[in-house]
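One structure is given below, encoded as structure tokens.
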Amino acid sequence: MNILEDLQWRGLYTDCTALEELTKRLEEGPITLYAGFDPTADSLHVGNLVPLIALRRFQNYGHKPIILAGGATGSIGDPSGKKAERQLLTKELLAHNVACVKNQLVKILDFSEGLANTARLVDNADWFGPIGFIEFLRETGKYFTVNSMIAKESVKSRLGGDNEAGISYTEFSYMLIQGYDFFHLNATYDCELQIGGSDQWGNITVGTELTRKKAGKSVYGLTFPLITNADGSKFGKSVGGAIYLDPARTSVYRFYQFFINVDDRDVIKFLKFFTFLSHEDIEALEAKHNENPGAREAHRALAFEMTKLVHGEEATNDAINASKILFGGGLDGISENALAQVASEVPSATIAKADLECEEGLSLLDALVTAGLSQSRKTAKKDVQGGGVNVNNERVQDLGYKLTSADVHYGKYILLRRGKKNYAALIVE
RNA sequence: GGUGGGAUACUCAAGCGGCCAACGAGGGCAGACUGUAAAUCUGCUGGGGAAACCCUACACAGGUUCGAAUCCUGUUCCCACCA
């Protein structure tokens, strides 16, 4: 099986500028390819993973991946899929973001020195810096008619009469910048393929066109589908917002949980999209999933593979242990170490030892507010009355309940829970 | 410029002198059922209080009234029709 068949099997193929030619080219030997991302934040999120993982798939087949950070394009703003003009980011912020994201890229792509097809990170700010505006217009702008540019979906959707915001000249030019990237990478690294989400089709074809016209060379574009959730919501968000790769933003535990909680209808699809598991393994998981969805083996496999990829095996096992505790019932017999892990995975607040030891103890209602689980004593009260509050995983429905030293585990921890999933640890000091 | 209509909680949307912290729907939260799911059902959804009850809120500022989201005056912003 070759890489293209693999991608097709995984549902990761949407379109190609010249499928037959590319197939042939890939048979001849390793190819250099790239995918870009705009460094709009100082951490990648799970939505960024598909192109990166796709690059890695190519790398696993012996091809040479380049990941392009859009230090230049990011300062322009890609209009694709956007309804309105975007805020410009400062150069400093973009540079900072690129630096931060690099630490995450090394986990997904193999940047080992000495490897024949080692991954490479480039920043298009490096080559756009020296290019003057006039030069760019003469060397690149000349190859494209406005007629074809306004026909692109990313522009067309912003030109409609009902869209008063319109599109700025700046964003309109985005496709040329991205197109030039491809030309430049072809000239510099002999890069012959660009991959991206299907929303990138218009931008990618500008690049293949420019390279053909300017350098007389055939290069290819390949797109994969945009990820959607079966329920129609946007992929990659959970209640707390986007799921980031940075553990400081999204804890390993939450990252793991995000994949555990994937919709049944999506789990096999995501196994194919995101993991490097073999076809046989995935088919076996699919069979098990269909037979007994309640066992959720496919979910566990997905969550394990993804967390391992991004955070490493050790942190993944910690997250699995934490999950067992947080969903497994009481805290009896729990080790101090395990509990410390749990406490570090959930939001926590510190309380004074004296508050627990004084005569009245610490009001559970106040503790819920302190821990951030309830917005006010009023809502805390309703949560308790509704049976939604647990102390150390045991339901408490007494409004007057006072926390005392008896509730503290290992002299340090009290685990509060509101509802099924919202935990907070009180750390006694 | 003239004339009408409107501004209500996260959103939509009732209420048009006391029974209004405000009908209903959506969303959100919680409970039951489950598989840490979906669907379904139930409850909650301004703050304080164990509760009685109190406080703050129906664009803004005043006024009438025992009592106002509801009536009056002015201000701001929206919308429609007319020139």
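These numbers were taken from a predicted model, which means no experiment stands behind them. So you know, we letter chains A, B, ... as the sequences are listed, proteins then strands, and number each from 1.
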Mind checking whether A:Tyr253 and A:Phe327 have parallel, tilted or perpendicular rings, split at 30° and 60°?
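Parallel.
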
Who pairs with A:Arg395 by side chain to side chain donor-acceptor pair (under 3.5 Å), at least two apart in sequence or on another chain?
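Scan of A:Arg395 (side chain to side chain donor-acceptor pair (under 3.5 Å), adjacent residues dropped) gives none.
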
What integer number of Å spans the [atom1] atoms of [N] and [M]?
N: B:rG15; M: B:rG24; atom1: P; result: 14 Å
N: B:rA57; M: B:rG47; atom1: P; result: 15 Å
N: B:rG26; M: B:rA32; atom1: C1'; result: 23 Å
N: B:rG5; M: B:rC10; atom1: P; result: 29 Å
N: B:rU73; M: B:rC19; atom1: C1'; result: 30 Å
N: B:rA13; M: B:rU3; atom1: P; result: 27 Å
N: B:rC72; M: B:rA7; atom1: P; result: 14 Å
N: B:rA14; M: B:rA22; atom1: C1'; result: 10 Å

For [Y] together with [X], are the ring centres under 6.0 Å from each other?
X: A:Phe235; Y: A:Phe274; value: yes
X: A:Phe255; Y: A:His311; value: yes
X: A:Tyr34; Y: A:Phe182; value: yes

Strictly by modelled atom types, are A:Gln104 and A:Ser43 linked by a side-chain donor-acceptor pair under 3.5 Å?
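Their side chains do contain a donor-acceptor pair, which is all the 3.5 Å distance test asks for.
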
[N] [atom2] sits how many Å from [X] [atom1], rounded?
X: A:Arg265; N: B:rA38; atom1: CZ; atom2: C1'; result: 7 Å
X: A:Asp383; N: B:rG43; atom1: CG; atom2: P; result: 17 Å
X: A:Gln397; N: B:rG43; atom1: CD; atom2: P; result: 17 Å
X: A:Gln375; N: B:rG28; atom1: CD; atom2: C1'; result: 10 Å
X: A:Leu373; N: B:rG28; atom1: CG; atom2: P; result: 19 Å

A:Gln375 atom CD: more than 12 heavy-atom contacts under 6.0 Å
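Atom CD in A:Gln375 is not crowded, with 12 or fewer foreign heavy atoms closer than 6.0 Å.
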
Below the 4.0 Å mark, does [N] have OP1 or OP2 next to a side-chain nitrogen or oxygen of [X]?
X: A:Arg417; N: B:rA30; value: no
X: A:Ser376; N: B:rG48; value: yes
X: A:Arg377; N: B:rA50; value: yes

A:Ser374 and its side-chain hydrogen bond (donor to acceptor under 3.5 Å, both in side chains) partner, picked from A:Thr379, A:Asn422, A:Asp383:
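Going through A:Thr379, A:Asn422, A:Asp383 one by one, the side-chain hydrogen bond (donor to acceptor under 3.5 Å, both in side chains) with A:Ser374 is satisfied by A:Asp383 alone.
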
Quick check with a 6.0 Å cut-off and a 45 degree axis cone: is A:Arg57 positioned over the face of A:Phe276's six-membered ring?
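Yes, a cation-pi geometry.
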
Do A:Arg296 and A:Asp264 pass the salt bridge (Lys or Arg N to Asp or Glu O under 4.0 Å) test, and can you show the C-alpha distance, the side-chain angles, and the key distance before you say yes or no?
CA-CA 9 Å; A:Arg296 287 165 43 260; A:Asp264 275 16; 5.8 Å; no

Could you check whether [X] gets within reach of a base, just the sugar-phosphate, or nothing at all, counting any heavy atom under 4.0 Å?
X: A:Gly400; answer: nothing
X: A:Arg418; answer: sugar-phosphate
X: A:Asn292; answer: nothing
X: A:Lys382; answer: sugar-phosphate

Encoded 5' to 3' (Watson-Crick or G-U under 3.5 Å; [ ] crossing; | other strand), RNA chain B becomes ((((((((.[[[..)..(.....]]]((((((.......))))))(((....)))...[[[[[..)....]]]]]))))))).

Closer to the 5' end of RNA chain B via nearest nucleotide, is it A:Leu399 or A:Arg395?
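The answer here is A:Arg395.
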
On RNA chain B, nearest-nucleotide positions of A:Asp366 versus A:Asn390: which is more 5'?
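The answer here is A:Asn390.
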
Give a yes or no answer on whether the side chain of A:Ser148 reaches the backbone of A:Thr145 with a donor-acceptor pair at less than 3.5 Å.
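Yes, the answer is positive, given that a donor and an acceptor are paired below the 3.5 Å cut-off.
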
Measure all distances between protein nitrogen or oxygen atoms and nitrogen or oxygen atoms of nucleotides 35-37 of chain B, and list the pairs falling under 3.5 Å.
from: B:rG35; atom 1: O6; to: A:Asp264; atom 2: OD2; distance (Å): 3.2
from: B:rG35; atom 1: N1; to: A:Asp264; atom 2: OD1; distance (Å): 3.3
from: B:rG35; atom 1: N1; to: A:Asp264; atom 2: OD2; distance (Å): 2.5
from: B:rG35; atom 1: N2; to: A:Asp264; atom 2: OD1; distance (Å): 2.6
from: B:rU36; atom 1: O2'; to: A:Asn261; atom 2: OD1; distance (Å): 3.2
from: B:rU36; atom 1: O2; to: A:Gln257; atom 2: OE1; distance (Å): 2.9
from: B:rU36; atom 1: N3; to: A:Gln257; atom 2: OE1; distance (Å): 2.8
from: B:rU36; atom 1: N3; to: A:Gln257; atom 2: NE2; distance (Å): 3.3
from: B:rU36; atom 1: O4; to: A:Gln257; atom 2: NE2; distance (Å): 3.4

Is a donor-acceptor contact shorter than 3.5 angstrom present between the side chain of A:Lys378 and the base of B:rG49?
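Indeed, a donor on one side and an acceptor on the other fall under 3.5 Å apart.
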
